[in-house]
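None of the values given here were measured: they were computed from a predicted structure. Read the numbers this way: they start at 1 and go in the same order the structure lists the ligands and their atoms. For the single chain, residues carry numbers from 1 onward in sequence order.
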Amino acid sequence: MWSCHPDLLARPVPRYTSYPTAAEFSAAVGSAQQEAALARIAPDEPVSLYAHIPFCEEICWYCGCNTGRANRAQRLTAYLDALCAEVETVAGRLGGRGQVGRIAFGGGSPNALTPDQFMRLLGAMRRAFDAEGADISIELDPRTTSADWFAVLGRAGVTRASLGVQTFDTAIQEAIGRVQPREMIVETVAALRAQGVSSINFDLMYGLPGQDRALLSATLDETLALAPERIALFGYAHVPHLLPRQRRIRADNLPDQPERFAMAALGHDRLVAAGYVAVGFDHFALPHDPLALASREGRVRRNFQGFTDDQARVLIGLGATAISEFPDLLVQNEKNSGRYRMGALAGLLTGERGVARDREDQRRAAIIADLLCGRAANVGAFLGDATIGQGLAPFLERGLASLEGEQLRITEEGRPYGRVIAVLFDRWRTQQPQRFSTAI
Ligand code: SF4
């Protein structure tokens with residue numbers, strides 16, 4: 001059972017899907033650095049690909065993703081043309097180097113594309129990167145996944161799918177602008193399984209307007225009955241000053257911090273009691289799922305897609321705003337869709353912001369990843385740092401972290417405080433706290 005320490009949760013902290021975080025990106029990094037990083041990829045380097053589809057048929061009011069309405073077929077076609085051109089450009093730079101083991105489609109909602117458009121994109125990626133045998137995963141909006149789509153997912157050999165479920169409660173669905181009846185989720189899960197999708201993830205949320213522990217528990221009941229292999233339980237962050245679409249969500253009945261903590265704890269306890277393995281601070285996986293296996297073997301990694309069993313150190317992002325990760329570089333593609341299309345269609349790399357990771361960044365990134373992924377982190381080099389020592393003290397005193405020699409580890413009790421402990425090793429995190437939300 002977790003204990004709530006409000007004094008330790010007050011500080012806004014990053015989610016650390018990368019270190020340094022995207023808040024550190026600047027125009028000092030762009031396509032030239034992207035080109036050089038691609039040139040350094042060895043012939044046998046494991047590489048994962050991520051294709052970003054920044055469109056959804058309906059925009060949910062809570063959403064923090066870079067996505068817009070897929071209301072004009074011509075817009076999607078133009079974007080897809082540019083994306084396929086970028087695929088050719090990046091693959092051309094690799095010239096056959098790199099071994100692509102995974103292809104992920106996210107967004108937005110990849111199923112804002114038509115099934116034919118999806119097959120065109122997947123075919124282009126498989127051919128260009130010689131990636132016939134790659135594992136394929138996709139994020140899907142159950143509200144708009146048609147029968148044609150299910151058939152195509154089977155034909156394409158998709159093995160993993162992630163569904164935005166958030167809550168089964170109808171009143172809360174209306175309050176957050178995402179109405180999807182329970183039957184729709186049930187039918188989507190059945191159709192995915194029939195097409196051979198062996199790992200289904202549900203994204204769920206706590207801290208929603210009008211939500212309490214009983215309502216969260218009811219959503220967990222529905223979820224457990226469907227037994228998705230993976231569950232991500234995120235805390236809703238209400239930041240309408242950063243995300244104007246959230247202004248449509250009433251703020252007067254949002255759960256307060258103690259109730260949010262109680263919900264996170266309830267979710268953790270119920271899912272673990274049901275047999276799920278807790279991974280990091282917000283992911284859960286059934287014991288046979290590769291993510292749970294990776295967790296048991298200390299192989300979980302954290303990247304832009306969250307906690308993952310993917311071991312590739314190179315992730316190439318394709319599409320507007322997509323981020324590529326190299327050991328020594330993070331680089332984000334052009335955000336403006338018009339400029340992205342122009343650059344991609346001209347055969348250019350479209351990286352326009354990012355951050356180089358020097359050895360110090362890489363060392364700190366490894367510590368932050370180890371802590372968040374449940375491993376012991378060697379913090380010997382920082383034990384003489386008085387600021388870090390003072391910051392760590394309350395967590396050690398309250399049993400939320402343990403230090404044996406130079407090995408720092410977050411305890412089971414400390415799981416919800418992981419990001420607040422990790423931030424102590426973030427050399428960039430002295431300003432801009434307003435850009436982040438609290439850990440719970
Ligand atoms: S479907 Fe997903 S990506 Fe699209 S608006 Fe809703 S939450 Fe955001």
Give the C-alpha distance, both sets of side-chain angles, the deciding distance and a yes or no for side-chain contact (heavy atoms from CB on, under 4.5 Å) between I136 and F105. CA-CA 8 Å; I136 304 168; F105 296 88; 3.8 Å; yes
Which atoms of ligand 1 sit under 4.0 Å from any heavy atom of G108? 3 (S)
For D141, the ligand 1 atoms with a heavy-atom partner under 4.0 Å come out as 1 (S)
Side chain, backbone, both or neither: M205 near ligand 1, heavy atoms under 4.0 Å: neither
How about S48 and D310: does a side-chain donor come under 3.5 Å of a side-chain acceptor? yes
Which one of C56, S162, G106 has a non-hydrogen atom at the shortest distance from atom 3 (S) of ligand 1? C56
Of the side chain and backbone of R178, name the one, both, or neither that has a heavy atom under 4.0 Å from an atom of ligand 1. side chain
With a 4.0 Å cut-off on heavy atoms, does Q166 reach ligand 1? no
Testing the 3.5 Å rule here: is there a donor-acceptor pair between the side chains of T167 and T219? yes
On the ring face of F307, is R302 found with NZ or CZ under 6.0 Å from the centre and within 45° of the axis? yes
Tell me yes or no: between the side chains of N303 and T308, is some donor less than 3.5 Å from an acceptor? no
I need the atoms of ligand 1 closer than 4.0 Å to a non-hydrogen atom of R143, numbered in the order shown. 1 (S), 6 (Fe)
Is it the case that atom CD in Q74 sees more than 12 heavy atoms from other parts of the structure closer than 6.0 Å? no
Tested for side-chain contact (heavy atoms from CB on, under 4.5 Å) against L38, the lone hit among V314, L349, V331 is L349
Can you tell which part of C60 has a heavy atom less than 4.0 Å from ligand 1: side chain, backbone, both or neither? both
Decide, counting backbone as well as side-chain atoms, whether C63 has an N, O or S atom less than 2.8 Å from atom 6 (Fe) of ligand 1. no
Nearest protein heavy atom with distance in Å, relative to atom 7 (S) of ligand 1: Y62 OH, 3.4 Å
R313, CZ: over 12 other non-hydrogen atoms inside 6.0 angstrom: no
Contacting atoms of ligand 1, where contact means under 4.0 angstrom from a heavy atom of S109: 1 (S), 4 (Fe)
